[in-house]
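Shown next, in structure tokens, is the structure this report addresses.
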Amino acid sequence: LKHLEIRAKKILLGFEDETWLHLQPYITRTYMKKGEQQKILHKGSNDKVNVFITLLYPLNGIKFTTSKTRNSNDFINHLNSIKRYVLKRSIKRFILVIDNASFHVSKKTKQFIEKQSEDWLTVLFLPTHAPFLNIVETKVNRNLKKDVCANYNYETEENLLCTVGRYLRSMDSWPKI
């Protein structure tokens, strides 16, 4: 019933988190025959890409943006991407749940959020040191690293980003909130 009320009022809830993805492999346990050892080749440099991920409820959708850095400007770019999505769908209010990362609470980000709060955006901060409360942290980021990055070397940043994009878009629905 609450699900229908939220849709009728055109309210969208988003959980946001970010993660670093490395071109160099993230090594995990894997099955091998006795006496064999899996070889994972890599080029030696450990370039990385940041991914901002927002899980959308009740749509079970996902919005994500990538960047080479992780700062207030990158986070504001991600919020602008969400803003275009929200306004295009005539959603009246978007409630965003975020942690207390430095770029979430920076002066620049706070100023941006204050300007948006009357039109479409409400931000709720999670308590500090509580990543288990953010479903993106516990379900999406963990699975993304396990399924896409574990024991695999990406030759180029473009290859990594294409695989990440395909993976995130392929998820029809995430675990119920």
Side-chain angles (χ1 to χ4, degrees), residues 1-21 48-145 147-148 157 160-177:
L1 186 60
K2 288 184 180 183
H3 176 76
L4 295 174
E5 287 176 24
I6 289 172
R7 281 188 185 239
K9 292 180 181 178
K10 295 206 172 229
I11 297 172
L12 190 59
L13 176 64
F15 287 87
E16 190 276 339
D17 198 41
E18 55 288 324
T19 189
W20 285 112
L21 301 175
K48 61 185 177 180
V49 176
N50 181 60
V51 183
F52 289 98
I53 302 170
T54 302
L55 185 64
L56 305 171
Y57 176 82
L59 303 179
N60 278 345
I62 192 164
K63 287 294 293 174
F64 65 95
T65 56
T66 60
S67 61
K68 286 198 175 266
T69 57
R70 186 188 288 181
N71 58 39
S72 297
N73 289 332
D74 297 324
F75 180 60
I76 290 169
N77 287 339
H78 180 65
L79 289 178
N80 280 322
S81 169
I82 292 171
K83 180 179 182 178
R84 288 188 296 276
Y85 180 87
V86 164
L87 296 178
K88 184 177 179 181
R89 285 158 184 76
S90 302
I91 293 168
K92 293 181 181 176
R93 182 60 49 186
F94 181 69
I95 302 168
L96 181 63
V97 179
I98 57 178
D99 59 21
N100 290 279
S102 59
F103 47 87
H104 290 161
V105 296
S106 71
K107 185 176 180 180
K108 187 173 190 172
T109 301
K110 284 183 178 180
Q111 288 172 346
F112 177 82
I113 290 170
E114 284 174 17
K115 289 178 186 173
Q116 310 303 313
S117 63
E118 288 183 28
D119 296 334
W120 65 281
L121 180 63
T122 300
V123 174
L124 302 175
F125 288 94
L126 291 170
T128 57
H129 309 294
F132 55 89
L133 295 175
N134 190 338
I135 196 165
V136 177
E137 178 83 34
T138 58
K139 300 291 184 186
V140 182
N141 290 352
R142 206 172 282 167
N143 289 336
L144 175 65
K145 287 185 176 188
D147 296 342
V148 173
E157 186 179 306
L160 172 62
L161 292 176
C162 286
T163 305
V164 168
R166 240 187 343 268
Y167 178 82
L168 291 173
R169 284 186 207 97
S170 73
M171 306 311 286
D172 288 336
S173 67
W174 292 99
K176 299 274 188 235
I177 297 175

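For reference, positions follow the sequence shown, starting with 1. Values reported hereafter were calculated over all heavy atoms of this structure, with side chains retained and with hydrogens, waters and symmetry mates removed.
- With rounding to the nearest 0.5 angstrom, the CZ atom of R142 is 6.0 Å from the OG1 atom of T138.
- Contact annotation: the side chain of L160 never approaches that of T163 to less than 4.5 Å [non-hydrogen atoms, C-beta and beyond].
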Step-by-step side-chain contact (heavy atoms from CB on, under 4.5 Å) determination, Y85 to T54:
CA-CA 12 Å; Y85 180 87; T54 302; over 6 Å; no

Would V49 and V164 count as a side-chain contact (heavy atoms from CB on, under 4.5 Å) if you check the C-alpha gap in whole Å, the side-chain angles of each, and the deciding distance to 0.1 Å?
CA-CA 11 Å; V49 176; V164 168; over 6 Å; no

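- Counting heavy atoms from C-beta outward, L21 and L144 have side chains that approach closer than 4.5 Å.
- Residues N73 and K108 form a side-chain contact, since some pair of their non-hydrogen atoms from C-beta on lies under 4.5 Å apart.
- Here the CD1 atom belonging to I82 is positioned 9.0 Å from the CG atom belonging to L12, to the nearest 0.5 angstrom.
- If you take CD1 on I76 and CZ on F103, they are separated by 11.5 Å, rounding to the nearest 0.5 Å.
- Side-chain atoms of I11 and I95, non-hydrogen and from C-beta on, do get closer than 4.5 Å to each other.
- Applying the ring-ring contact (aromatic ring centres under 6.0 Å, His included) test between H104 and each of F75, F112, F52 identifies F75 as the sole match.
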Side-chain atoms of residues 119-134: list all donor-acceptor pairs with protein atoms under 3.5 Å, sequence neighbours left out, distances to 0.1 Å.
from, atom 1, to, atom 2, distance (Å)
W120, NE1, Q116, OE1, 2.9
T122, OG1, R93, NH1, 3.2
N134, OD1, V136, N, 3.0
N134, ND2, E16, O, 2.8

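- Of all non-hydrogen atoms in S90 and K10, the two that sit nearest each other are O-CD, 3.1 Å.
- A heavy-atom distance below 4.5 Å is found between the side chains of L13 and F15.
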Residue pair L55, I135: steps toward the side-chain contact (heavy atoms from CB on, under 4.5 Å) verdict
CA-CA 8 Å; L55 185 64; I135 196 165; 3.3 Å; yes

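- For the residue pair S106 and S72, a side-chain donor N or O sits within less than 3.5 Å of a side-chain acceptor on the partner.
- Rounded to the nearest 0.5 Å, atoms NZ (K68) and NZ (K48) are 11.5 Å apart.
- Residues L79 and L96 have side chains in contact (heavy-atom distance under 4.5 Å, counting atoms from C-beta outward).
- To the nearest 0.5 angstrom, I53 atom CD1 is 4.5 Å from N141 atom CG.
- Rounding to the nearest 0.5 Å gives a distance of 9.0 Å between OG of S102 and CZ of R70.
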